[in-house]
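Notes follow once the structure below has been shown.
No experiment lies behind these values; they were computed from the predicted model shown.
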Amino acid sequence: MDRDKMWVLRSGKVVEDALFHHALLLDSERLCHSFIIDMTNNDLVKQDVFTQIEWQEILEENRKPNPDLPKTLKAYMNGLNSDSFSSLRSKLYERHAWQVDYDHAAHSDFDWVHSTMLNMVRLLQSKNLAYNHLESWYNAHVWRFVDTVFDDNDDVTVVRGESSSKASTVRRNEGRQDVAVRQKMGARLDLVIRTKHADHSKNIELGGGECGKNHEDATGTKRLNEAKLKLPKSLKDMVNDILSVYPALKNDIETFGFATYGKSLE
């Protein structure tokens, strides 16, 4: 690792050195072994890897604000607030201005919200959510809106079904020169969000997800293994893969991941 590229905090502490020495003390794999910091968990402060002041500096470094929803779309969504299913259905069945003269480029987000809400109302009124189902049922019925959110985007698609991350495959086979050496498979995610190209040029992975049929508590084994370890490592691989194509974006790149367990999302 190039020391000139390491992150030096105002206190003089080198982040990579701190993570390395902490990782040596652990008896099982953690994110710090991959030089990844979980910004939602301050265990590294509790374990004296960083001080509270250093941790605050880490949290604020190159922090990006969440994008705002377009005002017209936000107003439409707020207008759907209801205190009963019948009231919500009435609002969904109303003829809105965007439906009168529908333009897919301008109104696809409205259409996505509308169809998602209709699907959810039907699902809730059917009372099917009161029962346990297989993981595939939740993906098809509850989380369908994840698969359709990019329907209006010609460049991005959602791939489900234990799809192997190409970025992870690249990292695991780095340095492979001999055909006699078996190629290693990348991490298999339940969902990968990536670009799509008809000319079969390199697809860029932008994010991913993990799924399960049962709700997982914060300390659940599946959640810890997938959402808190495998997924972040895959997202880092995606960042590195993007940097290999667009190195000038090193301070602007963000990948995103989420996990669904039954009816819960994180």
Going by the salt bridge (Lys or Arg N to Asp or Glu O under 4.0 Å) test, which pairs reach into [range], not counting sequence neighbours?
range            : value
residues 18-33   : Glu29-Lys233
residues 247-262 : none
residues 140-157 : Asp147-Arg160
residues 32-42   : Asp38-Lys228

With sequence neighbours left out, write down each residue that passes salt bridge (Lys or Arg N to Asp or Glu O under 4.0 Å) with Lys222, or none if nothing qualifies.
-> Glu226

Among all residues two or more places apart in sequence or in another chain, which pass the side chain to side chain contact (heavy atoms under 4.5 Å, CB included) test with Asp68?
->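 Side chain to side chain contact (heavy atoms under 4.5 Å, CB included) check on Asp68 returns nothing, list empty.
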
Kindly write out the residues that satisfy side chain to side chain contact (heavy atoms under 4.5 Å, CB included) with Arg3, not counting sequence neighbours, or none if the list is empty.
->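 Per chain and number, Arg3 pairs via side chain to side chain contact (heavy atoms under 4.5 Å, CB included) with Met6, Val14, Asp17.
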
Measure the [atom1]-[atom2] distance between [X] and [Y] for me, rounded to the nearest 0.5 Å.
X      : Y      : atom1 : atom2 : result
Glu210 : Arg188 : CD    : CZ    : 11.0 Å
Asn240 : Ile253 : CG    : CD1   : 9.0 Å
Asn42  : Ile58  : CG    : CD1   : 11.5 Å
Leu124 : Asn119 : CG    : CG    : 9.5 Å
Asn214 : Leu134 : CG    : CG    : 10.0 Å
Ile37  : Asp43  : CD1   : CG    : 12.5 Å

Does any part of the side chain of [Y], heavy atoms only, come nearer than 4.5 Å to the side chain of [X], both counted from C-beta?
X      : Y      : value
Leu26  : Cys32  : yes
Val239 : Leu243 : yes
Leu9   : Ile53  : no
Ser108 : Tyr102 : yes
Arg194 : Thr157 : yes
His107 : Asp101 : no
Lys230 : Leu189 : yes
Thr260 : Val146 : no

Of all residues at least two apart in sequence or in a different chain, which pass the side-chain hydrogen bond (donor to acceptor under 3.5 Å, both in side chains) check with Lys263?
-> none

What pairs of residues pass the ring pair (Phe, Tyr, Trp, His ring centres under 6.0 Å) test when at least one of them lies in [range], not counting sequence neighbours?
range            : value
residues 6-35    : none
residues 64-89   : Tyr76-His96, Tyr76-Trp98, Tyr76-Phe110
residues 118-155 : His133-Trp137, His133-Tyr138, Trp137-His141, Trp143-Phe145

Measure from the side-chain N and O atoms of [X] to the backbone N and O of [Y], and report whether any donor-acceptor pair falls under 3.5 Å.
X      : Y      : answer
Ser87  : Ser84  : no
Asn81  : Asn78  : yes
Asn62  : Asn251 : yes
Thr195 : Ile204 : yes
Asp103 : Ala106 : yes
Glu57  : Arg10  : yes

Heavy-atom closest contact ([X] atom, [Y] atom, distance):
X      : Y      : answer
Tyr261 : Ser264 : O-OG, 2.7 Å
Ser11  : Glu54  : OG-OE2, 2.6 Å
Glu94  : Gln99  : O-OE1, 3.2 Å
Leu235 : Gly207 : CD2-CA, 4.0 Å
Leu69  : Met77  : CD1-SD, 4.0 Å
Thr51  : Val45  : O-CG2, 4.2 Å

Give the other cluster members for Leu31, using side-chain heavy-atom distances under 4.5 Å between Ile, Leu, Val, Met, Phe, Trp and Tyr residues; answer none if it is isolated.
->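 Members other than Leu31 - counting any ILVMFWY side chain reachable under 4.5 Å - are Ile36, Leu229.
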
